[in-house]
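Working notes, structure below.
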Number of protein chains: 2
Amino acid sequence: MARTHGSHSDITGPRIRDAALRLFARHGYAAVSMRQIAAEVGVQAGALYNYIPDKQSLLFELMQGHMSETIAACEARPKASGALARLRDFMGFHIRFHLARPDAVFIAYMELRNLSPENFAVIEGLRQRYESLLESILTEGIHEGTLAPPDPKLATRAVIAMLNGVNTWYREGGRLTLDEVEAIYWDMVRRAVGG
Amino acid sequence: MARTHGSHSDITGPRIRDAALRLFARHGYAAVSMRQIAAEVGVQAGALYNYIPDKQSLLFELMQGHMSETIAACEARPKASGALARLRDFMGFHIRFHLARPDAVFIAYMELRNLSPENFAVIEGLRQRYESLLESILTEGIHEGTLAPPDPKLATRAVIAMLNGVNTWYREGGRLTLDEVEAIYWDMVRRAVGG
DNA sequence: GTCTATATAGTGATAGAC
DNA sequence: GTCTATCACTATATAGAC
């Protein structure tokens, strides 16, 4: 844990980000000090500044990295044929991808107000880009005649809000398996926006 | 704004809570100092402690007050006959009540982790009590045969998550009136959990 | 690349005058 | 009931030794 003077670690950078991710998620960006992050990594606070220019940049890079990975992973999936199947796939992707990264998801939603205005604009743009991936499935479904949401924009927001909720309560070993949760949500979503 | 020595205000207590509510919502509990709150009210920081024992109690009382008011207002409504009508009424109540208090709603969701363990337990209990008001509508609907959610517990969480989302994007004067938003969400919810 | 030490500023909370 | 002044800490960030 603690590190002696002059000892070198080649992976200090990633370890700083990991520690910050965990601590920011648990206590909040404003409540976490650079000293706490340094202590988790096993260095002194001053050493952090060899890897990051300041605390704000650390938060921004965590959020930007998460949003970019989310978009990239979503776009890298094989594309099913038909909007209904693509909607089903999107739901499964969203639930599982987000459940696997609870800290990053939590930060991306909770710490928006702690971003500088310029950084906020970047993250907000990425969030909208991700939402548009779902919205385009819904509009394709309308054209196909397989989906009929009352309003594609609001349905997009409603579905994402529903799915995000899963992260706040789902725990492995609970009443329902993840497959069951997914099936139940798919049932509700299909009925809500189906044709 | 600034107040001269010895000047007395009979409503300093409520003004402290108003200022704290606004500042906590905008910048986050941990990022707001007692001096900032005092400056908003127009007193010095020391004067705050005539009204609150400490900063944590201030946060707790804001959240407890909001949750209690929400539950009381929800229970005070006239009870429509039939689960379908009661579900429709609940949705309208939730959307409008929450849109009218964006700061309190924001704090109630974002600052849970800044509560002491004992305070957290109280707020979490109130949150569950509010959710149970919706869940009992769904289970009543199942017995009536008018509603058929795939799972009442998950449907409760899904509907509340959907509705809470409205607070994050709805702005008066936007593309849709509040009546239209309500109608669209009602359409989706009725299809998702209807019989 | 990490250390120690420090500059500069701010924190929550309290004491005692008025 | 509010003020001023203060205590004891803590904060981010930087400088310079090694």
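Quick note on labels: first sequence line is chain A, next is B, and so on, each numbered from 1.
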Exercise answer: donor-acceptor pairs, residues 137-147 of chain A side-chain atoms, under 3.5 Å, sequence neighbours excluded:
from, atom 1, to, atom 2, distance (Å)
A:Thr139, OG1, A:Glu135, O, 3.2
A:Thr139, OG1, A:Ser136, O, 3.0
A:Glu140, OE1, A:Arg86, NE, 3.2
A:Glu140, OE1, A:Arg86, NH2, 2.2
A:His143, ND1, A:Thr139, O, 3.2
A:Glu144, OE1, A:Ala83, N, 3.2
A:Glu144, OE1, A:Thr146, OG1, 2.8
A:Glu144, OE2, A:Ala83, N, 3.2

Please tabulate, one pair per line, each protein N/O and nucleotide N/O from nucleotides 8-11 of chain D that are separated by under 3.5 Å, including the distance.
from, atom 1, to, atom 2, distance (Å)
D:dA11, OP1, A:Ser33, OG, 3.0

For [X] and [N], give me the distance from atom [atom1] to atom [atom2], rounded to whole Å.
X       : N      : atom1 : atom2 : result
B:Ile11 : D:dG1  : CD1   : P     : 14 Å
B:Gln56 : C:dA13 : CD    : C1'   : 15 Å
A:Tyr49 : D:dA15 : OH    : P     : 13 Å
B:Asn50 : D:dT2  : CG    : P     : 6 Å
B:Leu59 : C:dG12 : CG    : P     : 13 Å
B:Leu48 : D:dT4  : CG    : C1'   : 15 Å
B:Ile37 : C:dA13 : CD1   : P     : 10 Å
B:Gln44 : D:dC3  : CD    : C1'   : 7 Å

Non-neighbouring partners of A:Phe106 that pass side chain to side chain contact (heavy atoms under 4.5 Å, CB included), sequence neighbours left out: A:Ala25, A:Met110, B:Arg113

Pairs touching residues 65-85 of chain B that satisfy side-chain hydrogen bond (donor to acceptor under 3.5 Å, both in side chains), sequence neighbours left out: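 Found none.
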
Qualifying side-chain hydrogen bond (donor to acceptor under 3.5 Å, both in side chains) pairs with a residue from residues 155-171 of chain A, counting only residues at least two apart or across chains: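 Matches after skipping sequence neighbours: A:His94-A:Asn164, A:Tyr109-A:Asn164.
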
Distance-only donor-acceptor check, side chains B:Glu124 and B:Gln128, under 3.5 Å: yes

Parallel, tilted or perpendicular: rings of B:Phe93 and B:Tyr130 (30°, 60°): tilted

Presence of A:Thr12 side-chain N/O under 4.0 Å of C:dT2 phosphate oxygens OP1/OP2: yes

The helix from C:dG1-D:dC18 to C:dC18-D:dG1: angle between end helix axes, five pairs per end, rounded to 10 degrees: 0°

N-O pairing of A:Arg15 and A:Glu40 below 4.0 Å: no

Pair A:Glu180 + A:Arg175, salt bridge at N-O below 4.0 Å: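 Salt bridge: no.
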
Within 6.0 angstrom of A:Arg191 CZ, more than 12 heavy atoms from elsewhere: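 Correct, the count exceeds 12.
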
